[in-house]
Amino acid sequence: MIFDVLTLFPSVIKAYTGESILKRAIEKGIITVNVYNIRDYTEDKHRQVDDYPYGGGSGMVLKVEPVYNCICQINRDGRRRYKILLSPGGRLFTQKVAEEFSQRHEHILLICGRYEGVDERVKNFIDEEVSIGDYVLTGGELPALVIIDAVTRLLPGALGDESSLREESFTTGLLEYPQYTRPVEFMGMKVPEILLSGNHGLIRRWRRKEALRRTLKQRPDLLEALELSEEDRVLIKEIKEEEKWT
Ligand code: ADE
């Protein structure tokens, strides 16, 4: 998977992709991250990337020409890219969208907006606007990194253990069960006895129950979209009795 990132702050993108799992994914050749500084594609001597909004108002607007020039330059190799503008008004990015991107595209171009906005005409040169949530950030760098991160970890070989993908939140439709590691007791807080029992059947059932309990408490909306098994119904009944819910 190739990511092209158009930004005014290349070092922000390079810092995060230069560490940990993404760094290893790059080293293993699973992803390539090309970072382009939009300022390098200006044509005036002041290298101006933003300007005042027509019609007045506060703040500056990212200019269309440097973004367009940058896209044209990148497009010269003739490769097909899926072009995304990061913007709070775009389609909401979820685990499902991450899966869609990882399966449908081999090459994604991400344009990081900045300042108070982006010239509307940039939208003529993209495939889609994407938002990472209903809040406004100062720029598209964090959203671009969120997308790169969430998509990369779905690619074969990016994580050491592929089974960790299958069991995790949002893939199973439930929040994850509680995890523990050594020590067995910390400040009087003990690891649940069942996890030390070695009984895999009981451990599996306990984990399913605790995932259901956590989801019921923290994200009941997720349960509504889920098809429950007979065992799930029994577990939920037990949880409701234990929690004294009616
Ligand atoms: N730019 C500013 N806020 C954003 C958001 N929530 N998602 C994507 N891009 C953004």
Side-chain angles (χ1 to χ4, degrees), residues 1-19 21-22 25 31-42 48-71 74 81-105 107-155 169-171 218-219 221-222:
M1 170 82 77
I2 302 174
F3 297 99
D4 296 319
V5 186
L6 280 61
T7 172
L8 293 169
F9 301 95
S11 59
V12 173
I13 305 297
K14 287 177 186 163
Y16 189 74
T17 55
E19 300 285 344
I21 305 252
L22 294 186
I31 61 164
T32 300
V33 181
N34 301 315
V35 187
Y36 299 89
N37 189 339
I38 296 169
R39 198 176 293 281
D40 292 341
Y41 298 84
T42 52
Q48 193 180 344
V49 290
D50 58 341
D51 211 335
Y52 296 101
Y54 276 120
S58 64
M60 302 290 268
V61 176
L62 184 63
K63 289 163 69 66
V64 61
E65 303 106 302
V67 174
Y68 174 74
N69 290 343
C70 187
I71 294 172
I74 296 170
R81 297 163 163 84
Y82 192 70
K83 300 187 199 69
I84 294 170
L85 173 66
L86 285 319
S87 133
R91 172 161 69 126
L92 192 62
F93 186 69
T94 60
Q95 188 65 23
K96 267 219 154 43
V97 179
E99 282 161 17
E100 176 194 315
F101 287 172
S102 74
Q103 287 159 14
R104 272 209 208 143
H105 306 297
H107 201 149
I108 294 175
L109 181 146
L110 299 154
I111 304 169
C112 306
R114 266 274 147 181
Y115 306 114
E116 274 70 22
V118 176
D119 189 301
E120 188 68 14
R121 291 166 290 189
V122 167
K123 293 183 190 166
N124 294 304
F125 309 110
I126 60 162
D127 294 299
E128 183 176 22
E129 287 177 75
V130 174
S131 164
I132 62 159
D134 288 343
Y135 39 79
V136 182
L137 300 165
T138 56
E141 283 73 18
L142 289 173
L145 288 168
V146 165
I147 292 175
I148 294 171
D149 193 296
V151 170
T152 299
R153 58 189 296 291
L154 295 174
L155 300 174
S169 304
F170 305 114
T171 307
Q218 290 167 211
R219 290 293 305 275
D221 58 301
L222 293 178

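As the structure lists them, so they are numbered: ligands from 1, and atoms in each ligand from 1. As the structure is a prediction and not an experimental result, all values here were calculated from the model. For reference, positions follow the sequence shown, starting with 1. Just so it is clear, the values below take in all heavy atoms, side chains as well, and ignore hydrogens, waters and symmetry mates.
Counting atoms of ligand 1 from 1 in the listed order, those under 4.0 Å from a heavy atom of Pro143 are 7 (N), 8 (C), 9 (N), 10 (C).
A donor-acceptor pair is defined here as one N or O able to donate and one able to accept, closer than 3.5 Å; such a pair exists between the side chain of Asp127 and the backbone of Lys83. When atom types are taken as modelled, the side chain of Asn69 and the backbone of Tyr41 share a donor-acceptor pair closer than 3.5 angstrom.
Ligand 1 lies within reach of Gly139, whose nearest heavy atom is under 4.0 Å from it. Using 4.0 Å as the threshold, Val130 has a heavy atom nearer than that to some atom of ligand 1.
Of the protein's heavy atoms, Pro88 CD, 3.6 Å lies nearest to atom 1 (N) of ligand 1. Ranking the protein heavy atoms by distance from atom 7 (N) of ligand 1 puts Ile132 N, 3.0 Å first. Nearest protein heavy-atom contact of atom 6 (N) of ligand 1 is Tyr135 O, 2.9 Å.
Using a 30° and 60° split on the angle between ring planes, Tyr82 and His105 fall in the parallel class, below 30°.
With contacts defined as side-chain heavy-atom distances shorter than 4.5 Å, the pair Thr152/Met1 does not qualify.
Looking at Leu137 next to ligand 1, an N or O pair under 3.5 Å apart turns up. Of the polar atoms of Ser87, at least one N or O is found under 3.5 Å from an N or O of ligand 1, judged by distance alone.
A salt bridge links Glu120 with Lys123: at least one charged nitrogen is closer than 4.0 Å to a carboxylate oxygen.
Other residues, nucleotides and ligands contribute more than 12 heavy atoms inside 6.0 Å of the CZ atom of Arg91.
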